[in-house]
Structure formats: structure tokens, C-alpha cells
Number of protein chains: 2
Amino acid sequence: MTPAVPATSSRALPHPPREEIRLEAVLHALSDPLRLRIVRELAADGDELTCSQFVLPVTKSTSTHHFRVLREAGVIRQVYRGTAKMNGLRRDDLDGLFPGLLDALLAAAERQAARLGTTGRTGP
Amino acid sequence: MTPAVPATSSRALPHPPREEIRLEAVLHALSDPLRLRIVRELAADGDELTCSQFVLPVTKSTSTHHFRVLREAGVIRQVYRGTAKMNGLRRDDLDGLFPGLLDALLAAAERQAARLGTTGRTGP
DNA sequence: AGCGTAATACGAGAGTTATCGTACGAGTCT
DNA sequence: AGACTCGTACGATAACTCTCGTATTACGCT
């Protein structure tokens with residue numbers, strides 16, 4: 001029988017608790033262009049995106065790697081739902097730890113993208 | 001003859017112009033604990049610190065390396081004055097490119113240092 | 001000129017990262 | 001059950017980073 005709402009799978013993914021999120025790790029995670037792009041897209045399009053909705057210029061393995069880096073740094077939250085894996089920004093935790101930081105970073109990325117004439121987004 | 005104000009030496013150090021400063025490079029530069037510490041100290045103590053005024057738990061070579069990473073990312077400005085090298089935050093350029101970012105980053109670092117019970121400063 | 005100090009350059013080592021390819025596991029649909 | 005899709009795991013490799021030690025350059029002072 002098919003549940004109306006596909007329950008989150010029992011497969012658990014390790015996330016650092018809020019207290020263990022380190023600023024350096026967050027900055028390192030966001031210092032990669034691909035990962036910054038993922039985070040920008042996540043912030044713009046909402047919190048319920050599967051990995052495959054991102055059109056990234058790398059293979060699936062590499063993609064998985066980057067998502068894991070973001071998760072282990074405490075930047076995103078990942079949850080299985082059926083065969084898909086939903087990705088969401090950990091806005092609450094990041095804002096709690098570093099008020100204003102995430103917005104400043106997103107604004108900075110937006111500004112740079114506008115200045116360089118490239119959206120940094122995955123496409124139309 | 002000794003000039004009253006020791007003129008900045010002719011030795012020039014390569015700095016990226018403001019337009020070439022990239023957010024990713026800045027984040028990468030600040031993702032190292034030692035470099036974040038340097039920047040915090042620079043922000044707190046003013047803009048006229050020599051390299052040797054920082055008491056860092058690494059050798060001079062390594063220190064030089066970190067200062068160069070910061071300079072090449074566009075985070076700091078370095079100028080020779082006699083035998084010393086003065087270091088200063090590029091606040092104007094960073095604020096111009098990414099308004100509010102530097103302050104948010106410094107505030108985040110301050111918060112984390114307070115939370116972890118370590119100042120991240122070099123000590124008395 | 002000669003000495004001392006501040007910082008660099010260069011080379012080398014260990015560790016980390018980004019990327020890929022292939023093989024595998026979990027879940028859904030017919 | 002079988003096939004298909006989404007994502008992971010495991011190597012492997014190349015590039016980069018942090019660290020150091022030693023040799024060197026630039027500057028100020030005696």
C-alpha cells in the first residue's frame with residue numbers, strides 16, 4: 001500500500017548538532033563555487049529540493065560529495081523521502097548561532113553574481 | 001639622513017584590485033582558524049600592525065604564507081615601511097563590494113569565541 | 001662597511017580536497 | 001519478481017594546502 005505522504009525513510013544521515021557547528025567549517029563549505037551555488041539556490045527556491053533538481057556541471061558522485069560537505073558543516077539538512085533526498089538550509093540553527101551571517105553571505109553572493117553578469121544559478 | 005616619517009618602501013606587493021576580489025576567495029581565506037584570528041585582531045587593534053606583532057603558534061614562514069593568502073584574497077593590505085610590513089584590513093573595499101559582510105563575519109567569530117570560551121586572540 | 005632584524009623565497013613533507021568511474025543498495029512502479 | 005531511478009561507497013588520481021627548515025634579500029643603525 002502506498003502512503004499518501006511518503007514517509008521519511010528510516011535511513012538516517014549524520015548531522016552535527018547546533019552547538020557543534022563551527023564558523024570555520026561553514027566558511028570553508030561556502031568557499032567552493034559549486035557549494036555556494038547550491039546554497040543560493042536552496043535559499044531562493046525553498047527548502048524542499050532533491051539533489052537531482054540541481055543541474056550541476058559535475059558527476060553524481062561529485063555532487064554527493066559536495067552535499068555531504070555542506071551537511072557535515074551544518075549548513076544544510078538532508079532527509080530521505082522514498083528514493084529522493086530532500087535538502088534544506090539550516091536557517092534556524094545558523095541564524096541562532098550567527099545572527100545575520102547567512103543573510104549577509106547570501107546578499108554578498110547575489111551582489112557578486114550581479115556584478116559579474118552571471119547568475120550562478122543552474123539555468124532558466 | 002633619516003627621514004622623520006619612514007617612507008613606505010619601493011618594494012611593491014601584489015594586491016588584487018577591488019573589482020577582482022572574489023567572495024569565494026575571501027571565504028576560503030577566512031576558513032582557516034589562524035587567518036580568522038589574524039583578521040579579528042586586525043579589526044580590533046587597528047590597521048597598523050606589523051607581522052611580528054602577532055604571536056602565532058607557527059613559524060615565521062608559515063606566518064608569511066597565511067598573510068599572503070589573506071592579501072591575495074583581497075582581505076588585507078600590506079605595505080612595507082622600512083624593514084617592517086604593516087598590515088591593514090581592506091575595510092573600504094570589502095564594505096564596498098559586500099556591504100555588511102565583514103561586520104557579520106566578525107560578529108559571528110566573536111560570538112563563537114565567546115561561546116567556546118576561547119578568545120581566539122593571541123594573548124597578553 | 002659591517003651587523004642585526006624583518007620578512008621572503010624555495011624546496012620538501014604530510015595531509016586534505018575535488019573529481020571521476022564503476023559497482024552497489026534502497027525504494028518505487030509495472 | 002523484475003526493471004528503473006536516485007543516491008552511496010569505494011577506489012584512484014591530480015591538485016592544492018599547511019607546515020617546516022634553510023638560504024636570501026631589504027632595510028636601518030653603529
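In what follows, chains carry the letters A, B, and so on, assigned in the order in which the sequence lines appear, proteins first and then strands, with residues in each chain numbered from 1. Predicted model only: the values in this text are computed from it and were never measured.
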Quiz item: Any side-chain donor-acceptor pair under 3.5 Å between E41(B) and Q53(B)?
Solution: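 No - no donor-acceptor pair under 3.5 Å links their side chains.
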
Quiz item: Ignoring hydrogens and angles, does a donor from either the side chain of S61(A) or the base of dG21(C) sit under 3.5 Å from an acceptor on the other?
Solution: yes

Side-chain N or O of [X] closer than 4.0 Å to phosphate OP1/OP2 of [N]:
| X | N | value |
| --- | --- | --- |
| T59(B) | dC20(D) | yes |
| R81(B) | dA6(C) | no |
| T83(A) | dT28(C) | no |

Practice problem: Please tell me which of the listed nucleotides, dC20(D), dG7(D), dA7(C), lies nearest to the side chain of A84(B)? | Solution: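 So the nucleotide nearest the side chain must be dA7(C).
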
Practice problem: Return the nearest nucleotide to the side chain of S52(B); candidates are dT5(D), dA7(C), dT19(D). | Solution: dA7(C)

Exercise. Using the rule that two of Ile, Leu, Val, Met, Phe, Trp, Tyr join whenever any of their side-chain heavy atoms come within less than 4.5 Å, decide whether V69(A) and F54(A) are in one cluster.
Key: no

Quiz item: If we only count heavy atoms from C-beta on, is the V75(A) to L89(A) side-chain gap below 4.5 Å?
Solution: yes

Quiz item: Would a 4.5 Å heavy-atom cut-off, applied to side chains only, mark I76(B) and I38(B) as touching?
Solution: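 With C-beta onward as the side chain, the pair stays apart.
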
Quiz item: Could you state the CZ-C1' distance from F67(B) to dA9(C), rounded to the nearest angstrom?
Solution: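 Those two atoms, CZ and C1', are 17 Å apart.
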
Self-check item: Nearest-Å distance for atom pair NE2/P, residues H65(A) and dT17(C)
Solution: 8 Å

